[in-house]
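Down below is the structure, laid out as structure tokens.
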Amino acid sequence: MGVKRCCLLTIVLLCLAGRVSPQGEPGRFAVSQVTYQPPVLLAYVDVLDQSGRPPDTLSPADFSAKIDRHDLNVAAVTPFDKSGEGIAYAFLVDISKSIQKAQFEQMRTAMGQWINGLAPSDKMAIFTFGEQDRQLIDFTADKASLIAALQNIAPTDKQTKLYLALRNAIDLWQRTDEGLPSRRVIVILSDGKDEGSGFTADDVGRLIQESPMPVYAIGFSALRPAERNTYLEALNRIASLSGGLYIAGSSLPKSYTELREAIRRVFIVRLGCEGCTVVTQSQPLEMTVKEGAAVRTDRLAVSVSIVPQAPEESLWKKILDHISWKISLAVAVGISIVIVVPVVIVLKKDKPPLQEIPPPPPETKKEPVQVELVPARRVQLTVMSGAIRHRTDNIAIAGKTVVGRDKACDVSYPEDAEMSSKHFELIVAGEHVEIKDLDSTNGTLLNGSRLVSQHRLEDGDWIRAGRTEIRVTFGA
């Protein structure tokens, strides 16, 4: 494992340590989501007091916030239910046989109740996962269509590709559909076990750090005790790290009701961010809330940074800067006249007679120039999902390698209709290989983040182009 991945994993664990409260500790504070709507950041925060209840009111004076040690102005605090905003729910439904039919019917009934209770501004999409993950219905407010979609599914699959389903659901963070609410959450019922998805818990942790989207999970398991505890704890950690919530599903209707209330009880905190700009590398947003005698802090990665403002210049400095160039130009012209004119006069007086130009020396044979060739970098590209999963391409990159749907590309994936004809390229840069998006239609994602500039690749990184996910391995 490279130094970069080790450092990133350490950051993930530290953030997770701060988000998972010790067992039995009362109260809660979690920054579950942040959206940037220039010039403000909207932070959706979940606050519970010492009795485990959401406070009736909170004011800007109760909060403080900073990005990378730069203080932000807390402008307003609004309970979510009073904001008029909607929620985009992404429901992930496990259709593996690990979910018993009786439990599945309870889940279907509870989801039907949730659908009937959607607010007019809410939208929902339903995804299923088992041996494959697929979208059952895209985001819609049509309750009849959502309920009808549920009637066509049953627990039939032998495997559970949980991490692949989570990875694809987190992609929803990138969507900019008109009318799609900014508040977006993933709701999932699972035993936490992943089988054959090609992703690991570390991959999901890294993705959550890059594209934070809260996961609200119900842990429900019929596995043996040892497996049950291991997998449910992994699901708990993913939900906690994302800013969402994990609850044990002893009663499914009650569990779904508890999750729904938790999603809607958040407060929206408006943070003034006039000096903010969008960046590719995530920055830590740190927020603190004071609730009575309790002080709680939480952190979430955001893709914005603060540009330091230059100190305002004094009036005298502006005046001097305005006239200094004129003074400098006048002095330079005066000096040039004093020096150049006498020199020209002297040169004219002492001008030597013309001399015959000697013939050029005989041509000598030039030795060939030795050009040092850049050694090729060997790279293995492995498809992690889709119709051509497990396909592997071993390539040697000496300059540039173009990847896309067009069969004329160096590496071609003609099966992916969502991939651009020339989607991205791999470039040798010294001892490293870098990736660059080629103005593709849907963009290129690196470890879950959209590429906006050329970026260096590390061993184990994964790329998404269209619907194809590719693992990068060096030295294969």
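Only heavy atoms go into these numbers, but all of them, side chains included; no hydrogens, no water, no symmetry mates.
Asp393 has its side chain within reach of Tyr413: a pair of non-hydrogen atoms, C-beta onward, lies under 4.5 Å apart. Put simply, the side chain of Arg28 reaches to within 4.5 Å of the side chain of Asp46, judged on heavy atoms. Put simply, the side chain of Ile67 reaches to within 4.5 Å of the side chain of Val304, judged on heavy atoms. Side-chain contact between Phe127 and Ile137 is absent, with no heavy atoms from C-beta onward closer than 4.5 Å. The side-chain heavy atoms of Ile153 and Val93, taken from C-beta on, include a pair separated by under 4.5 Å. At a threshold of 4.5 Å between non-hydrogen side-chain atoms, the residues Val187 and Trp114 count as touching. A 4.5 Å side-chain heavy-atom check between Leu92 and Leu189 finds every atom pair outside the cut-off. Between Ile463 and Arg471 there is no side-chain heavy-atom pair separated by less than 4.5 Å.
Formation of a donor-acceptor pair under 3.5 Å by the Ser440 side chain with backbone atoms of Ser420 is not found in this model. Between the side chain of Ser83 and the main chain of Phe80, a donor-acceptor pair closer than 3.5 Å is present. Listed for the Asp133 side chain is no donor-acceptor partner under 3.5 Å among the backbone atoms of Thr128. No donor-acceptor pair under 3.5 Å is formed between the side chain of Arg69 and the backbone N or O of Lys66. A distance-only check finds no donor-acceptor pair linking the side chain of Arg378 to the backbone of Ala396 [under 3.5 Å]. Asp298 contributes a side-chain N or O that, together with a main-chain N or O of Val31, makes up a donor-acceptor pair within less than 3.5 Å. Proximity of a side-chain donor or acceptor of Glu261 to a complementary backbone N or O of Glu258 within less than 3.5 Å is not detected. At least one donor-acceptor pair under 3.5 Å links the side chain of Thr230 to the backbone N or O of Ala226. Remark: the backbone N or O of Asp68 is not paired with any side-chain donor or acceptor of Glu286 at under 3.5 angstrom. Not one N or O on the side chain of Asn236 forms a donor-acceptor pair closer than 3.5 Å with the backbone of Leu232.
Heavy-atom neighbours of Glu431 CD from other residues, nucleotides or ligands within 6.0 Å: at or below the threshold of 12.
Here the OG-NZ distance, from Ser421 to Lys407, works out to 14.0 Å after rounding to the nearest 0.5 Å. Note that OG of Ser221 is 9.0 Å distant from CD of Gln103, once rounded to the nearest 0.5 Å. From Leu381, atom CG reaches atom OG1 of Thr473 across 8.5 Å, with rounding to the nearest 0.5 Å. Atom OG of Ser32 and atom CE of Met213 lie 11.0 Å apart (nearest 0.5 Å). We find the CG-OH distance between Leu146 and Tyr89 to be 12.0 Å, quoted to the nearest 0.5 Å. Remark: Tyr216 OH to Ile247 CD1 distance equals 11.5 Å, nearest 0.5 Å.
Between Asp191 and Arg228 there is no salt bridge, since no side-chain nitrogen of the basic residue lies less than 4.0 Å from a carboxylate oxygen of the acidic one. Arg456 has a carboxylate O that lies under 4.0 Å from a charged side-chain N of Glu458, or vice versa, which qualifies the two as a salt bridge. A salt bridge does not link Asp157 to Lys97: none of the charged nitrogens lies less than 4.0 Å from a carboxylate oxygen. Between Arg183 and Glu85, no side-chain nitrogen of the basic residue sits less than 4.0 Å from a carboxylate oxygen of the acidic one, so the salt-bridge criterion is not met. A salt bridge links Arg167 to Glu469: at least one charged side-chain nitrogen sits closer than 4.0 Å to a carboxylate oxygen.
Screening Ile263, Val266, Leu118 for a side-chain contact (heavy atoms from CB on, under 4.5 Å) with Ile87, the sole residue that qualifies is Ile263.
The two residues Ala248 and Ser255 make their nearest non-hydrogen contact at O-OG, 3.8 Å. Closest approach of Ala262 and Leu245 over heavy atoms only: CB-CD2, 3.7 Å. The heavy-atom pair separating Phe29 from Met287 by the smallest distance is CE2-O, 3.4 Å. Here the shortest heavy-atom pairing between Thr35 and Ser182 reads CG2-O, 4.0 Å. Shown here for Cys409 and Lys422, the closest heavy-atom pair between the two residues is SG-CG, 4.0 Å. Closest approach of Thr277 to Tyr36, counting heavy atoms only: N-OH, 4.3 Å.
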- Item | Intermediate values then yes/no, salt bridge (Lys or Arg N to Asp or Glu O under 4.0 Å), Lys193 and Glu227 | CA-CA 8 Å; Lys193 187 174 183 178; Glu227 279 191 312; 3.5 Å; yes
- side-chain hydrogen bond (donor to acceptor under 3.5 Å, both in side chains) between Arg464 and Asn168, intermediate numbers included: CA-CA 10 Å; Arg464 183 182 178 93; Asn168 289 337; 3.2 Å; yes
- Message: Between Asp459 and Val472, does the side-chain contact (heavy atoms from CB on, under 4.5 Å) criterion hold? Intermediate values first, please.
- Response: CA-CA 6 Å; Asp459 188 50; Val472 178; over 6 Å; no
- Query: Which is it for Leu166 and Phe129 under the side-chain contact (heavy atoms from CB on, under 4.5 Å) test, yes or no, and what are the steps along the way?
  - Reply: CA-CA 9 Å; Leu166 281 171; Phe129 66 97; over 6 Å; no
- Task: Please assess Trp462 against Ile470 for the test side-chain contact (heavy atoms from CB on, under 4.5 Å), listing each intermediate value before the final yes or no.
- Result: CA-CA 5 Å; Trp462 46 271; Ile470 306 163; over 6 Å; no
- Take Phe220 and Leu252, measure what side-chain contact (heavy atoms from CB on, under 4.5 Å) needs, and give me the verdict at the end. CA-CA 9 Å; Phe220 199 96; Leu252 292 188; 3.6 Å; yes
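In the model, Thr444 has a side-chain atom that pairs as donor or acceptor with a side-chain atom of Asp437 under 3.5 Å. A side-chain donor from one of Ser96 and Thr160 sits under 3.5 Å from a side-chain acceptor of the other.
Geometric assessment of Arg377 against the ring of Phe474 yields a positive cation-pi assignment under the 6.0 Å and 45° thresholds.
Between Phe91 and Tyr256, the angle of the ring planes stays under 30°, which puts this pair in the parallel group of the 30/60° scheme.
Each salt bridge (charged side-chain N to carboxylate O under 4.0 Å, His left out) pair with one or both residues in residues 108-131, not counting sequence neighbours, appears once here: Glu105-Arg108, Asp122-Arg264. Applying the salt bridge (charged side-chain N to carboxylate O under 4.0 Å, His left out) test to pairs two or more places apart or on separate chains, those with a residue in residues 134-148 are Asp138-Arg175.
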